[in-house]
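A quick note: this is a predicted structure, and the numbers were derived from the prediction, not measured. Every heavy atom of this structure was used, including side-chain atoms; hydrogens, water molecules and symmetry mates were not.
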Amino acid sequence: MSLITEEIKARSEVYHGDEMCQVKSKELLKEIALPNGLLPLKDMEECGYDRETGFVWLKQKKPSTHKFEKIGKLVSYAPEVTAHVEQGKIKKLSGVKTKELLLWVTLSDIYTDDPPTGKITFKTPAGLFRSFPVSAFEIEEEKEKEVKEKKQPNEANAVQVKEV
């Protein structure tokens, strides 16, 4: 059963299509001071944000998994992911699980420390939690990549000239 009602949709910012939802989900994560690579969903069909209540939803065509290489963790995303967001926090998260040993564990909360410590914490409904470096969930944006790529050839061609 979906938590997204027509009433919620009516008062929310709603976006359709994978490209637009990818952009908007990253913008939202940045806006609430969380790493932009935290929700790497694939083939998104719809996403929405009710600013009044902080309710967010992301819908993808089918379930997906993603491995966060920097920490070696596998995460599963259901076709519908919902949560309530506020500055530095995702609460009442649904549709996200992580693999711990041989079990898939449901995640319910994600938050960063205030003041910032460079750590992000993931919590289960049972109260168990684990913290990781925020950097493990950040992805470089395309513009930053382009700037770095443009700078590298120039740096490689630099020649030092000495007076004789």
Side-chain angles (χ1 to χ4, degrees), residues 1-5 7-9 11-15 18-60 62-145:
M1 184 179 129
S2 179
L3 295 173
I4 308 155
T5 64
E7 181 184 334
I8 291 171
K9 277 188 176 184
R11 65 174 186 252
S12 301
E13 299 169 20
V14 181
Y15 303 96
D18 185 56
E19 193 174 322
M20 180 59 81
C21 289
Q22 293 291 344
V23 169
K24 292 300 179 181
S25 64
K26 285 174 183 59
E27 282 177 6
L28 171 66
L29 288 167
K30 230 187 239 185
E31 185 181 314
I32 62 170
L34 288 173
N36 62 354
L38 200 54
L39 298 169
L41 276 67
K42 299 173 184 138
D43 294 327
M44 281 195 275
E45 296 178 309
E46 180 182 286
C47 63
Y49 181 29
D50 179 357
R51 288 187 182 276
E52 187 181 309
T53 63
F55 183 71
V56 173
W57 72 91
L58 305 159
K59 288 184 178 181
Q60 57 184 353
K62 60 184 182 183
S64 65
T65 57
H66 177 80
K67 185 170 186 178
F68 289 97
E69 295 295 338
K70 291 180 182 175
I71 58 169
K73 288 290 175 190
L74 191 62
V75 179
S76 165
Y77 299 92
E80 185 176 288
V81 174
T82 63
H84 284 83
V85 298
E86 58 187 66
Q87 199 63 22
K89 295 178 183 171
I90 295 177
K91 296 178 172 181
K92 299 180 184 174
L93 181 63
S94 72
V96 181
K97 294 180 179 184
T98 184
K99 195 159 193 177
E100 288 292 327
L101 300 173
L102 299 172
L103 301 172
W104 284 99
V105 180
T106 300
L107 295 175
S108 61
D109 295 80
I110 302 171
Y111 58 90
T112 54
D113 295 326
D114 187 24
T117 60
K119 296 280 186 189
I120 185 165
T121 302
F122 297 83
K123 192 173 165 188
T124 70
L128 302 172
F129 65 91
R130 270 190 91 177
S131 296
F132 298 98
V134 170
S135 60
F137 304 93
E138 291 173 338
I139 52 175
E140 286 187 51
E141 293 187 27
E142 294 304 315
K143 289 178 187 174
E144 290 174 12
K145 281 184 183 177

Separation between NZ of K42 and CD of Q60, rounded to the nearest 0.5 Å | 8.0 Å
Rounded to the nearest 0.5 Å, the NZ atom of K70 sits from the OG atom of S135 at a distance of 5.5 Å
For P133 and I71, work out which heavy atoms get closest and say how close.
-> CD-CG2, 4.4 Å
Residue list, side-chain hydrogen bond (donor to acceptor under 3.5 Å, both in side chains) with K24, at least two apart or on another chain = E27
Not counting sequence neighbours, which residues clear side-chain hydrogen bond (donor to acceptor under 3.5 Å, both in side chains) with E138? List them please.
-> none
Residues passing the side-chain hydrogen bond (donor to acceptor under 3.5 Å, both in side chains) test with K26, sequence neighbours excluded, are Q22
Are L58 and S25 side-chain neighbours, meaning at least one heavy-atom pair lies under 4.5 Å?
-> yes
Residues two or more places apart in sequence or in another chain: which of them pass ring-ring contact (aromatic ring centres under 6.0 Å, His included) with F68?
-> H66, F137
Side chain to side chain contact (heavy atoms under 4.5 Å, CB included) against P63, all qualifying residues, sequence neighbours excluded | P79
Sequence neighbours excluded, which residues qualify as side chain to side chain contact (heavy atoms under 4.5 Å, CB included) partners of E69?
-> K67
Are any non-hydrogen side-chain atoms of Y77 and P40 less than 4.5 angstrom apart?
-> yes
Decide yes or no for T124 and F129: does some side-chain heavy atom of the first lie under 4.5 Å from some side-chain heavy atom of the second?
-> no
Over all heavy atoms of both residues, which pair between T121 and S131 is shortest? Give the atoms and the distance, please.
-> OG1-OG, 2.7 Å
With sequence neighbours excluded, what pairs up with K9 under the salt bridge (Lys or Arg N to Asp or Glu O under 4.0 Å) test?
-> E46
Any T106 side-chain heavy atom under 4.5 Å of P125 side chain | yes
Could you list the donor-acceptor pairs under 3.5 angstrom formed by side chains in residues 82-90, with sequence neighbours left out?
residue	atom	partner	partner atom	Å
T82	OG1	S94	OG	2.4
E86	OE1	K91	NZ	3.4

How far does SG of C21 sit from CG of L39, to the nearest 0.5 angstrom?
-> 12.0 Å
Could you list the residues that satisfy side-chain hydrogen bond (donor to acceptor under 3.5 Å, both in side chains) with T65, not counting sequence neighbours?
-> none
Find the distance between CG (N36) and CG (L28) and round it off to the nearest 0.5 Å.
-> 11.5 Å
Is the backbone of K123 close enough, under 3.5 Å, to the side chain of D109 for a donor and an acceptor to pair up by distance?
-> no
Listed partners of E52 passing side chain to side chain contact (heavy atoms under 4.5 Å, CB included), at least two apart = R11, D50
Salt bridge (Lys or Arg N to Asp or Glu O under 4.0 Å) filter on E31, not counting sequence neighbours, yields R51
Between I120 and P35, which heavy-atom pair has the shortest distance, and what is it?
-> CD1-CD, 3.8 Å
Evaluation steps, side-chain contact (heavy atoms from CB on, under 4.5 Å), between L34 and T112 = CA-CA 7 Å; L34 288 173; T112 54; 3.6 Å; yes
Heavy-atom nearest pair, W104 first then V75, reads CZ3-C, 4.1 Å
Do the non-hydrogen side-chain atoms of C47 and Y15 ever get within less than 4.5 Å of each other?
-> yes
Which residues satisfy the side chain to side chain contact (heavy atoms under 4.5 Å, CB included) test with R130, sequence neighbours excluded?
-> K73, E100, F132
Within a strict 4.5 Å, meaning less than it, do heavy atoms of the E80 and I4 side chains meet?
-> yes
Roughly how far apart are F122 CZ and Y111 OH, rounded to 0.5 Å?
-> 11.0 Å
Mind checking whether L38 and I110 have side chains closer than 4.5 Å, heavy atoms only?
-> yes
Validation row: V81, L41 side chains within 4.5 angstrom (heavy atoms) = yes
For the side chain of S12 and the backbone of V14, is there at least one donor-acceptor N/O pair under 3.5 Å apart?
-> no
